[in-house]
Amino acid sequence: EAGVVQSPRYKIIEKKQPVAFWCNPISGHNTLYWYLQNLGQGPELLIRYENEEAVDDSQLPKDRFSAERLKGVDSTLKIQPAELGDSAVYLCASSPTGLADNEQFFGPGTRLTVL
Amino acid sequence: GNSVTQMEGPVTLSEEAFLTINCTYTATGYPSLFWYVQYPGEGLQLLLKATKADDKGSNKGFEATYRKETTSFHLEKGSVQVSDSAVYFCALSLGSSNTGKLIFGQGTTLQVKP
């Protein structure tokens, strides 16, 4: 069974440029998460989807970040414009449901460097 | 608020040594507790979990017991191997309203030397 797929794996951009990350969750997983991981820290949730609905986006900086999961399968996270402080690893995860004791399956992440 | 605190790393051990990585949490309600591991060059993966007080999670020789009285979920292994070198994250998830949100500690790097 294929795991969570993310692309690109690495991205280097200059500040003020836009950038987008793509995630394809495990087939059949209704819940999709985007996390931000700064160097030396644990991941922090940005947004959670149940199918195509964003049910928790309270930590998403909406002035510059946006996300979508149009058909309830793959998802895109966008930053426009990027700032130096956005340099981090962006992780996508999925789980069969959003229940608290469900295992979340993580992708390899996209490492963003903003110059 | 809800949070997880792990012991500072890196932890450096010789092969076959005993491992303890401390984890304590603060939470409203009754969380599920997890240990995730990140091997070099790989994504985070679940190592073990416990969903209620006094439960013991175990996997690959690692164990952790959900201690409500001390709000702790310490990770232990009796004899570590070089292949256990990784970053270990303690995390909690709260059960109300299908939140499913994981709150992570800062991670503890384990280095095992032959």
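Keep in mind that this is a model prediction, so the values were computed, not measured. Just so it is clear: chains get the letters A, B, ... in the order the sequence lines come, proteins before strands, and each one is counted from 1.
- The two residues A:Pro43 and B:Phe104 have their closest heavy-atom pair at O-CD1, 3.3 Å.
- A:Ile26 and A:Ile47 are members of different hydrophobic clusters when ILVMFWY side chains are connected at heavy-atom separations under 4.5 Å.
- With hydrophobic clusters built from ILVMFWY side chains whose heavy atoms lie under 4.5 angstrom apart, B:Phe62 shares a cluster with B:Val4.
- Using a 4.5 Å cut-off between heavy atoms, A:Gln37 touches chain B through its side chain atoms alone.
- Heavy-atom neighbours of B:Tyr39 OH from other residues, nucleotides or ligands within 6.0 Å: above the threshold of 12.
- Two different hydrophobic clusters hold B:Ile103 and A:Leu36 under the rule that ILVMFWY side chains link at heavy-atom gaps under 4.5 Å.
- What you find for B:Phe89 and A:Gln41 is that their closest heavy atoms are CE2-O, 3.8 Å.
- Following chains of ILVMFWY side-chain contacts shorter than 4.5 Å, one can reach B:Val11 starting from B:Tyr88, so the two form part of one hydrophobic cluster.
- When heavy atoms are compared at a cutoff of 4.5 Å, B:Gln38 approaches chain A solely by way of its side chain, counted from C-beta outward.
- You'll find the side chain of B:Leu102 stays beyond 4.5 Å of the side chain of A:Leu45, heavy atoms only.
- For the pair A:Phe105/B:Gln45, no side-chain contact is recorded, criterion being any heavy-atom separation below 4.5 Å from C-beta on.
- Looking only at side-chain heavy atoms (C-beta outward), A:Tyr35 and B:Lys101 stay at 4.5 Å or farther from each other.
- Of the inter-residue distances, the one linking B:Thr51 atom OG1 with A:Asn102 atom CG reads 11.5 Å to the nearest 0.5 angstrom.
- Residue A:Tyr90 is grouped with residue A:Val114 when hydrophobic side chains (ILVMFWY) are merged at heavy-atom distances under 4.5 angstrom, including chains of intermediate members.
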